[in-house]
Visitor: 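To start, I am sharing the structure in question, which I have written as structure tokens.
Computed from a predicted structure; not experimentally measured. Order of the sequence lines fixes the chain letters, A, B, ..., with proteins taken first and strands second; residue numbering starts at 1 for each chain.
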Amino acid sequence: MIDLTLLRRETEKVRHMLARRGVSVEQVDELLALDIRHRELLARAEEIRAEVKELSRLVGDARRSGDTARADELTARSRERGDEERHAAAEADTVAREVRELHLMIPNLPADDAPDGRSEDDNVEIRQWWPGMDEGSPFPEFAEHQRVAHWDIGAELGILDLEAGAQLAGSMFPLYRGDGARLLRALTAFALDAHFDAYEEIRPPSVALTETMMSTGHLPKSRDDMYAIERDDLWAIPTAEVPLTSMHRGDILALEDLPIRMTAATQCFRREAGAAGRDTRGLLRVHEFEKVELFAYCTPEQAIDEQMNILSRAEQLLRALALPYRVLDLCCGDLGSASARTFDLEVLSPGVNRWLEVSSVSWFRDYQTRRANVRYRTAEGTTAFTHTVNGSALAWARIWAALVETYRQPDGTVVLPDVLAPYLGGRTVLQRR
RNA sequence: GGAGGGAUGGCAGAGCGGACGAAUGCACCGGUCUUGAAAACCGGCGUGGGGCGACUCACCGUGGGUUCAAAUCCCACUCCCUCCGCCA
């Protein structure tokens with residue numbers, strides 16, 4: 001949620017910032033008007049309530065001193081005012097709900113240096129990397145044997161069985177087998193080990209309460225993109241960001257404990273409603289995938305460094321895997337609604353010949369912690385909302401695809417980078433068994 | 001799934017209808033004393049909303065209800081503990 005106090009005090013500025021990402025002035029002004037109305041109603045209800053409390057006190061005094069007539073008279077008056085109070089409070093509540101409903105739907109304020117733009121076409125590429133770049137090699141030319149789509153390689157080597165996945169759970173639920181399944185396990189272990197020095201490893205539940213989904217901003221806005229387990233009021237998590245953001249829900253953190261860094265490997269579930277038919281072949285877009293996430297709670301001052309740290313770690317993994325990639329600075333129009341600034345990492349996968357998004361590194365300011373009520377104690381002794389940042393390092397389904405396509409040999413086998421050897425029992429060759 | 005017990009400030013723990021936002025102890029932060037520290041003593045010490053402010057309102061697991069008045073009474077739910085059943 002954005003800061004309503006800021007909206008009241010610097011309305012013009014907030015209007016402008018939200019306009020950059022396509023929120024209409026009318027919507028902002030509606031929120032402002034509702035907020036003003038709510039505060040008026042609240043003030044009135046509280047005034048009457050203060051009277052009722054005072055009268056009740058006097059009733060107590062009168063009864064104790066045995067003045068029954070006076071007590072009865074005061075009780076009658078208090079009852080009358082009490083009725084009025086109930087009315088006023090109910091009215092204030094109704095408007096409060098309207099404010100909250102609208103407030104929850106307003107996206108975050110973009111960072112000042114997030115680029116202008118309306119859609120993904122306006123994202124700014126800030127750098128590319130490829131193996132050998134530092135030594136002056138040009139961007140890699142891919143050979144014919146690398147121009148095979150991962151779904152064909154998967155079928156050929158018997159390491160990816162999309163038909164079996166579809167039979168069990170429907171399309172876009174991949175099933176990996178043999179070396180393909182092992183590769184996935186290796187990638188997770190490889191990444192968690194890489195982050196172990198600075199990030200606490202967490203294994204959160206794969207499902208979350210509605211309240212938990214609200215905190216990150218996934219609800220109510222993206223409700224149709226989530227899998228729901230209605231009977232138990234649970235939701236399948238779309239990313240580890242959801243449980244991690246709520247780890248300290250309601251807490252006041254000590255300044256010296258910040259930043260709090262965590263990493264988690266989880267399954268991620270996404271309905272991908274509205275994405276039907278778009279880039280959905282093979283592993284390009286799936287309903288369930290595994291991902292290692294990096295996350296930090298931090299102060300506003302630490303936020304940019306923490307975000308850069310996550311971005312750099314995600315890049316280090318891609319470099320270790322020697323996969324060519326580019327970094328995009330998302331424009332205001334393409335930012336996720338909770339994010340103030342996001343960098344996407346995309347790898348070029350030669351078989352499908354496309355840039356695949358494998359990481360998204362975001363700074364949320366206090367948008368999520370305002371919802372989750374996560375604060376910290378400042379040096380001045382006051383409380384302030386904590387900032388959150390997070391990013392994938394990395395999302396495996398598309399990395400899996402990029403790896404098998406990039407490292408496919410002329411003989412049809414796949415030879416993976418040596419860094420993975422320790423996690424593959426020393427054997428980096430994927431072949432038909 | 002069944003039967004009991006519980007949930008109060010950072011922690012421990014009182015309060016069980018009337019000035020209770022809440023005793024007390026510990027912890028913590030100031031100060032006095034001390035060469036310094038400890039002890040002792042004095043003072044402070046939850047969070048949030050509204051208002052320029054005096055001030056006011058809300059919060060005792062959550063949500064409803066009763067009452068002039070609820071931490072306190074009633075109902076429902078959640079979580080924790082003990083026991084039984086089932087179970088990887």
Visitor: When you match A:Lys53 and A:Arg64 each to their closest nucleotide on RNA chain B, which lands nearer the 5' end?
Guide: A:Arg64
Visitor: For the pair A:Phe343 and A:Ile126, evaluate side-chain contact (heavy atoms from CB on, under 4.5 Å) and give the outcome as yes or no after the intermediate values.
Guide: CA-CA 9 Å; A:Phe343 298 97; A:Ile126 55 178; 3.7 Å; yes
Visitor: When the C1' atoms of B:G9 and B:G5 are considered, how many whole Å apart are they?
Guide: 24 Å
Visitor: Go through A:Glu200 and A:Thr263 one step at a time and tell me if the side-chain contact (heavy atoms from CB on, under 4.5 Å) criterion holds.
Guide: CA-CA 6 Å; A:Glu200 184 189 2; A:Thr263 181; over 6 Å; no
Visitor: On RNA chain B, which is the earliest and which the latest nucleotide, 5' to 3', with an atom closer than 4.0 Å to a heavy atom of chain A?
Guide: B:G18 to B:A69
Visitor: So which of residues 32-41 of chain A are in contact with RNA chain B, with a heavy-atom cut-off of under 4.0 Å?
Guide: A:Arg39
Visitor: Counting the benzene-type ring for Trp, do A:Trp235 and A:Phe269 have ring centres under 6.0 Å apart?
Guide: no
Visitor: Using atom C1' in both nucleotides, what's the gap between B:U56 and B:U62 to the nearest angstrom?
Guide: 26 Å
Visitor: Roughly how many Å apart are B:C45 and B:C33, using the P atom of each and rounding to a whole number?
Guide: 23 Å
Visitor: Looking at every non-hydrogen atom in both residues, tell me the closest pair between A:Met247 and A:Ile202 and how far apart they are.
Guide: CE-CD1, 4.0 Å
Visitor: Tell me yes or no: between the side chains of A:Thr388 and A:Gln368, is some donor less than 3.5 Å from an acceptor?
Guide: yes
Visitor: Using a 4.0 Å heavy-atom cut-off, does A:Arg375 contact any base of the nucleic acid, only the sugar-phosphate backbone, or nothing at all?
Guide: sugar-phosphate
Visitor: Just by distance, no angles: are the side chains of A:Ser215 and A:Thr212 close enough, under 3.5 Å, to form a donor-acceptor pair?
Guide: no
Visitor: Under the side-chain contact (heavy atoms from CB on, under 4.5 Å) rule, what do A:Val28 and A:Val25 come out as? Steps first, then yes or no, please.
Guide: CA-CA 5 Å; A:Val28 177; A:Val25 172; 5.6 Å; no
Visitor: Given Watson-Crick or G-U pairs with both distances under 3.5 Å, what dot-bracket string fits RNA chain B, with | for other-strand pairs and [ ] for crossing?
Guide: ((((((((.[[[..)..(.....]]].(((((.......))))).(((((....))))).[[[[[..)....]]]]])))))))....
Visitor: On a whole-Å scale, what distance lies between the P atoms belonging to B:G43 and B:C55?
Guide: 22 Å
Visitor: Identify whether NZ of Lys or CZ of Arg in A:Arg398 sits under 6.0 Å from the centre of the six-membered ring of A:Trp400 and within 45° of that ring's axis.
Guide: no
Visitor: What contact category does A:Arg8 fall into here, base, sugar-phosphate, or nothing, at under 4.0 angstrom with non-hydrogen atoms?
Guide: sugar-phosphate
Visitor: What distance separates A:Leu258 CG from A:Cys298 SG, expressed to the nearest 0.5 Å?
Guide: 7.5 Å
Visitor: Is it true that A:Arg39 and A:Glu46 make a salt bridge, defined as a side-chain N closer than 4.0 Å to a carboxylate O?
Guide: no
Visitor: Salt bridge or not for A:Arg77 and A:Glu73, using N-O below 4.0 Å?
Guide: yes
Visitor: Both A:Gly60 and A:Gly82 contact RNA chain B. Which one's nearest nucleotide lies toward the 5' end?
Guide: A:Gly60
Visitor: Measuring only the C1' atom in each nucleotide, how far is B:A71 from B:A23? A whole number of Å is fine.
Guide: 14 Å
